Undergrad: 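Quick one: structure below, then a few questions.
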Amino acid sequence: MIKLDLTGLNNFVAESEIEAAIAAAQSARARVLELPMHGWVSLPSDITAADIAKLNAAGARIAEQSDALVVLGAGGSSLGARALLDALPGRGDVKEVFYAGDNLSGVHMARLSNALQSREFSVVVTSKSGTTTEPAAALRVMLKLLRARYGEALKEHLFVVAGEHKSALRDYAENLGCELFGIPEEVGGRYSVFTASGLLPAAARGLDIAALLRGASAEAGDGLEAAVAYAAARQKLNAGGFTTEILASFEPDARNLGEWWKQLFGESEGKQQRGIFPATVSFSGDLHSMGQYIQDGRRNLFETIVSFTGLPTDVEIPPNREFDDGFAFLGGWWLNDVNDVARQSVRAAHIDGGVPVAEIIAPGLNEASLGALLYFFEYACAVSACIDGVNPFDQPGVEAYKTIMRAKLK
Ligand code: PA5
């Protein structure tokens, strides 16, 4: 289960005020379930053993026939997969994973097309609406490559994840006879990591998706109080002028977990001129860039550190007998322990510098703990937006540029 440590807020907000905010958050919690599009709440336990078997079979087929998997999708339709695949090694069933359909760069696409020339590949495209420009453009390029390479067997190499309503993408997949997975109508893109959008690429990579879902279900059962407390605490800080939240991790492979988190919170909360601005850093690397600002810049920041206990691997730093650079004391330390000392030091320094620090602790860096963590954040995000009085499940603001761009392209 995910643990939450709010003691790093004590210098900034009285504990009793946080407790009052948590008590008041219960009505926001009820509000989440009154809103349309809350289908993700029960998703981890709604997925049946037959669904998991179908996903694993498709994943195994992708792995068997491909050196590389191309994941196409924008925003919430690819960031969940990316967070999982980067954070967890899997069994490496598919050796390489490329991402597209989240940008319109010809440079990026040319590089990807070149890389695919020498590889057997499969494509998973996710678009719930079927009307997003980026994956639509990328899919056209991929279909041309697939057709040239595999001819009629193209349908064996294309895997479509689409909304359950009628769309041109869904119709195409049905007519072609390729593998097709659905995203329930009541689940929005950024809450879709526990649909085939996240699970199919994870299965192709050899991740244990049943364990991932078990972790999420357990969190949904017993972990919601911590998620509500996190939501209430961040909104209490927001009300006190701490309007930017920085999610910090000391695991570089969790960088895309941060990207997923940023999109989840940014698109759910940033509306009606409201919302906490979500930013991410990867430590200790970013201590050499953003560290200065966090320690010493404008004081409207609070920081949420995500850490993982019981890490699966470690490396001992050997003594260096070649030269004396003043770091002899490092010899014999294990890197994860040094990293943890860095975490404790950063926490102390940032609190001292005027930055409230919350900590979220996941039990391990594996499928079950990631499932729990992703669900924790989804739930916290929905409750937090409701505390702030906005709808977490719509995104009216993203239409503005699309309307202008479509008119120009047409
Ligand atoms: O969270 C969201 O709703 C968005 O980020 C969508 O996932 C993104 O715009 C892609 O949408 P679609 O899957 O319809 O192509």
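Treat the numbers as computed from the prediction; the structure is a model and nothing was measured. Start at 1 and go down the list; that is how both ligands and their atoms are numbered.
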Undergrad: Heavy-atom distance from atom 9 (O) of ligand 1 to the protein below 4.0 Å?
TA: no
Undergrad: Among Arg190, Met37, Gln263, which one has a heavy atom closest to atom 5 (O) of ligand 1?
TA: Gln263
Undergrad: Would you please indicate yes or no on a ring centroid separation below 6.0 angstrom for Tyr191 and Phe393?
TA: yes
Undergrad: Considering only heavy atoms of Gly189, which atoms of ligand 1 have at least one such atom less than 4.0 Å away?
TA: 1 (O), 2 (C), 3 (O), 7 (O)
Undergrad: Nearest non-hydrogen contact with atom 2 (C) of ligand 1 belongs to which option: Lys402, Gln395, Glu267?
TA: Glu267
Undergrad: Taking N or O atoms only and a 3.5 Å limit, does Gly75 qualify as a polar contact for ligand 1?
TA: no
Undergrad: Any nitrogen or oxygen of Thr126 lying under 3.5 Å from a nitrogen or oxygen in ligand 1? Just yes or no.
TA: no
Undergrad: Only heavy atoms of Ser77, strictly under 4.0 Å: list the atoms of ligand 1 that pass.
TA: 7 (O), 10 (C), 12 (P), 13 (O)
Undergrad: Would Arg234 and Tyr230 count as a cation-pi pair here, with the cationic atom under 6.0 angstrom from the ring centre and within 45° of the axis?
TA: yes
Undergrad: Checking a contact table here: which protein heavy atom is nearest atom 11 (O) of ligand 1, and how many Å away?
TA: Thr132 OG1, 3.5 Å
Undergrad: When you look at NZ of Lys54, are more than 12 heavy atoms from neighbouring residues, nucleotides or ligands closer to it than 6.0 Å?
TA: yes
Undergrad: For ligand 1, which atoms, with element, lie under 4.0 Å from some heavy atom of Ser129?
TA: 12 (P), 14 (O), 15 (O)
Undergrad: Give the residue, atom name and distance (to 0.1 Å) of the protein heavy atom nearest atom 6 (C) of ligand 1.
TA: Gly76 N, 4.0 Å
Undergrad: With Arg82 as the cation and Tyr99 as the aromatic partner, state whether NZ or CZ is under 6.0 Å from the six-membered ring centre and within 45° of the axis.
TA: yes
Undergrad: Can you tell whether the side chains of Lys95 and Asp67 come within less than 4.0 Å, N to carboxylate O?
TA: no
Undergrad: Say whether Gly188 and ligand 1 are in contact under the criterion: heavy-atom distance to a ligand atom below 4.0 Å.
TA: no
Undergrad: Give a yes/no on ligand 1: does Glu134 have at least one heavy atom closer than 4.0 angstrom to it?
TA: no
Undergrad: For Ser127, take its heavy atoms, then give the atoms of ligand 1 lying under 4.0 Å from any of them.
TA: 12 (P), 13 (O), 14 (O), 15 (O)
Undergrad: Are Phe250 and Phe308 an aromatic pair by the rule of ring centers under 6.0 Å?
TA: no
Undergrad: Looking at Glu378, Glu267, Glu269, which one forms a salt bridge (charged side-chain N to carboxylate O under 4.0 Å, His left out) with Arg190?
TA: Glu267
Undergrad: Thinking salt bridges, do Glu179 and Lys155 make one under a 4.0 Å N-O criterion?
TA: no
Undergrad: Which atom pair, heavy atoms only, marks the closest approach of Gly198 to Leu84?
TA: O-CD1, 4.1 Å
